[in-house]
Every structure is written in structure tokens, then in C-alpha cells.
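Atoms considered below: every heavy atom in the structure, side chains included; atoms not considered: hydrogens, waters and symmetry mates. All values reported here derive from a predicted model rather than from experimental measurement.
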Amino acid sequence: MSEVLISETPEPVNRVFTIRFPDTAAKDAFFSNADYLQIKAEYFNVSVSAVTMIADYQK
């Protein structure tokens, strides 16, 4: 059995990543880290044309 993720945006979904953080502060610290931002600018931003956040939740 397979399942299909149907995008609610015009951009097609071809990869799905899940990242779990212990809390919002840890998530914010990760995504604002200078090393992460440098690597993201060098590799991610030039390779990815669109990003769709499917969900964000807290336990």
C-alpha cells in the first residue's frame, strides 16, 4: 500500500523532511545559527525552488 501527499500549493512536493526539537527555543536557535545559515545559503537556497511547511506543532 502506498500513500500520496497531495500538495495544497502550486509547487509539487518531491521530498518530505521531519525535524523534531525539544522545544521552540531549540528550534529557533537551530534555524538562526550562523553556521546553519551559511550552509543553507551555499547549498540549500541555490538547489531548492520552493518550501512548503506542512505542519508545526508543540506537544
Side-chain angles (χ1 to χ4, degrees):
M1 181 171 115
S2 67
E3 295 180 37
V4 176
L5 181 62
I6 299 172
S7 179
E8 294 183 9
T9 63
E11 297 82 11
V13 174
N14 68 357
R15 288 179 179 81
V16 176
F17 294 91
T18 302
I19 304 175
R20 182 174 176 220
F21 296 95
D23 54 42
T24 301
K27 178 187 79 169
D28 293 344
F30 176 84
F31 286 113
S32 64
N33 178 277
D35 292 333
Y36 167 77
L37 293 172
Q38 179 182 359
I39 292 166
K40 179 181 176 188
E42 186 173 347
Y43 297 105
F44 182 82
N45 293 346
V46 299
S47 327
V48 176
S49 60
V51 173
T52 301
M53 181 180 289
I54 297 170
D56 184 6
Y57 75 96
Q58 296 179 13
K59 271 188 158 183

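- Follow the hydrophobic side-chain contacts under 4.5 Å out from I54 and you reach V13 in the same cluster.
- Residues satisfying the side-chain hydrogen bond (donor to acceptor under 3.5 Å, both in side chains) criterion with E11, sequence neighbours excluded, are T9.
- Across all non-hydrogen atoms, the minimal contact from L37 to F31 is CD2-O, 3.4 Å.
- With rounding to the nearest 0.5 angstrom, the CD1 atom of I19 is 11.0 Å from the CG atom of D56.
- The salt bridge (Lys or Arg N to Asp or Glu O under 4.0 Å) contacts involving residues 29-51 comprise nothing, where partners must be two or more places apart or lie in separate chains.
- F30 meets the side-chain contact (heavy atoms from CB on, under 4.5 Å) test with F21, Y36; sequence neighbours excluded.
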